[in-house]
Amino acid sequence: MSDAKVQIKNLYKIFGRHPARVLPLVKKGLSKPDLLDQHNHVLGLQDVSLDIPEKKIQVVMGLSGSGKSTLIRHINRLIEPTDGQILIDGQDVLGMNDADLREVRRRKTSMVFQKFGLLPHRKVKENVGYGLEIQGVADGEIATRAQHWIDRVGLTGYEDHYPGQLSGGMQQRVGLARALATDSEILLMDEAFSALDPLIRYDMQSILLELQEELHKTIIFITHDLDEALRLGDNIAILRDGAMVQKGTAQDIVLKPADDYIADFTKDINRGRVIRLDALAAGTAPSDAPVLEGKAVLEDALPAFVQAPAQVIGVKMPGGGVGQVTLAQVVEALRGDH
Amino acid sequence: MEFLTEFPALGRKTLSGLKRGVDEAFKGFSRTYGEALENFFDPLLQFLIWFEKLLLATPWPIILLVIGGLSWAGSRSWKITTGAVVAFIVIGIFDMWEDTMATLAIISVATFLCIAVGIPIGILMARSNRMQSLITPVLDVMQTIPSFVYLIPVVMLLGIGKVPGLLAVCIYAIPPIVRLTNLGIRLVDADVLEAADAFGASPRQKLMGVQVPLALPNIFAGINQTIMMALSMVVIASMIGVKGLGVPVLRAISNQYLALGLMNGLAIVALAIIFDRVSQSYGKRLQAHRHGGHR
Ligand SMILES: Nc1ncnc2c1ncn2[C@@H]1O[C@H](COP(=O)(O)OP(=O)(O)OP(=O)(O)O)[C@@H](O)[C@H]1O
Ligand SMILES: [Mg+2]
């Protein structure tokens, strides 16, 4: 796939004293608990491959300890892999020397952290300008560009505060502004909103989506929260014990969970507000059926069925044309497989 | 039975031979390198002499002004500033001005030297565990060995005078600043360092922009302790020819002059309290950002 901004190929990460020694065993299929019991090494990632498309939000999801943080830190090589390959714009990140790697971190990627990672001794404006300062941008320009992003994330008036004087939500706005200020194309977000209250978290998601409408960054977003994943993710990948168990769109994950682990994840969500009509549509609709947008969710489509003759509606498909969806299909999709 | 009650020590002859051997070797060393070492330390000596002369030549009202100014700049507290100025006035009234200036000179230069050498060593220690495990025992020895013991080789090498005195003070006073620089840098939050890494900070940018600034409160605690320890060496240093408040104290000990000893001792205490209060409140102001509205 050539339109992938970031490619991860057969990535392995083993924590311990002699990772290279136990790697062959892992490749032969030694499990995470066995590796820990018999060899005292922790399996972080096993054979993870993922193509991350440009200008989209790629969510990586999994339970605690599944290797999400480990994976995202490989992209800018904060963690060295045991085996595998990582390409950014086709460039091999692992082959780079320190100077080249720093250049990638300065200009191509930027990161937002779960615990914010702000510099406590610097004011908000100096935190936001930090990446630019590292790049060696002139002071005057740093000030204007930092101010721009402070305004964009809604922190106008707090420029001279210290991080310790701000609430968690505001601190993460600083973190977001700092990451955006460098104009890098790739945004790495490791559980960026997980430390926030639900309402503030929803606000931050909205801010992110709003900015993304206009900025079109390649965003890799880590979360353990399915609602967040479904709201933000153009694509979702699911990790379990360091292995990739499913990757696809939100619709794929909900409608066709690859195994019970994922089905378990998805069983509590409100399916009516997640599943889209175009995920169900097929064939051609009869001409007298009411026609709805493909990205409408099932819940919004239900009233249309009441008026529809034969309980069939038409759906505008992404590729043009009008597919059909029956009420029976909708009921089945809402029930799920259990 | 005798084997158990008397420790089987080396024979007297062997021992005295051994000691003489070490002494001879060291004397040989100091004959060969003594002069080179003296030349090496000469700029330091000149600086110390210049500074002492400067303090003595400056009219006392100006010194009082400077002391008041520095105290205010450091502490931003009228209480501490007034206390410092009054203490110096009392010192002057009791005719200890010159000795105090001499002590001030050597303490300032010693502290400056300790900072200039100690902070880089502390940084080095913080960056490598090997360095830390190498330097820590050296610091332990420097802090615990009785100062009279290392005065001997210092005097053999450099004779009696200001420079050996200064070195003795520094050897004794440098460990805290090294330790606390190391500790301060190691205590910097790993999350913050990771963020710096993620934005592509070079090792130098991380050191100067993140590690040292965040370690500053600890570094300041180290400087404070270093000054205190330097002051406590004043009397011992005067035994090897350092002028200052220690000299009259020594005289008081050998002649049993109670009042003289007390006066000069109290002057040393006054200096210690002033240095301590000023540098501590400065250190506290440095970390003001940690006590923001929240937390
Ligand atoms: N430095 C390390 N040394 C040893 N094991 C580690 C290290 N870092 C991570 N691990 C292990 O690797 C596995 C994956 O950890 P990781 O932090 O990537 O999980 P995560 O999905 O981000 O979890 P969380 O949701 O708790 O953040 C865990 O089993 C963890 O214990
Ligand atoms: Mg994590």
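Everything numeric here is computed off the predicted structure, so don't read it as measured data. Every chain is numbered from 1 and lettered A, B, ... according to where its sequence line falls, protein lines coming before strand lines.
Evaluation of the side-chain hydrogen bond (donor to acceptor under 3.5 Å, both in side chains) rule for A:Asp225 yields A:Arg201 as partners, not counting sequence neighbours.
When A:Ile8, A:Ile75, A:Ile88 are each tested for a side-chain contact (heavy atoms from CB on, under 4.5 Å) with A:Val93, only one passes: A:Ile88.
Heavy-atom pairs under 4.5 Å with chain A were tallied for B:Asp197, B:Asp189, B:Val210; the largest tally goes to B:Asp197.
Residue B:Ala87 comes nearest to B:Ala270 through the heavy atom pair CB-CB, 4.4 Å, listed as atom of the first residue, atom of the second, then distance.
The pair A:Arg122-A:Glu133 counts as a salt bridge, with a side-chain nitrogen and a carboxylate oxygen less than 4.0 angstrom apart.
Under the 3.5 Å distance criterion, with hydrogens and angles disregarded, a donor-acceptor pair is assigned to the side chains of A:Thr223 and A:Glu228.
For residues 167-184 of chain B, the pairs satisfying salt bridge (Lys or Arg N to Asp or Glu O under 4.0 Å) are B:Asp140-B:Arg179, with sequence neighbours left out. Identified under the side-chain hydrogen bond (donor to acceptor under 3.5 Å, both in side chains) test for residues 65-86 of chain B, with sequence neighbours left out: none.
Near-neighbour residues of residues 177-192 of chain A relative to chain B, defined by a heavy atom under 4.5 Å from a heavy atom of that chain, comprise A:Arg178, A:Ala179, A:Thr182.
Within the 4.5 angstrom heavy-atom criterion, no atom of A:Phe116 approaches chain B. Residue contact with chain A, scored on non-hydrogen atoms closer than 4.5 Å, involves the backbone and the side chain of B:Ala196 alike.
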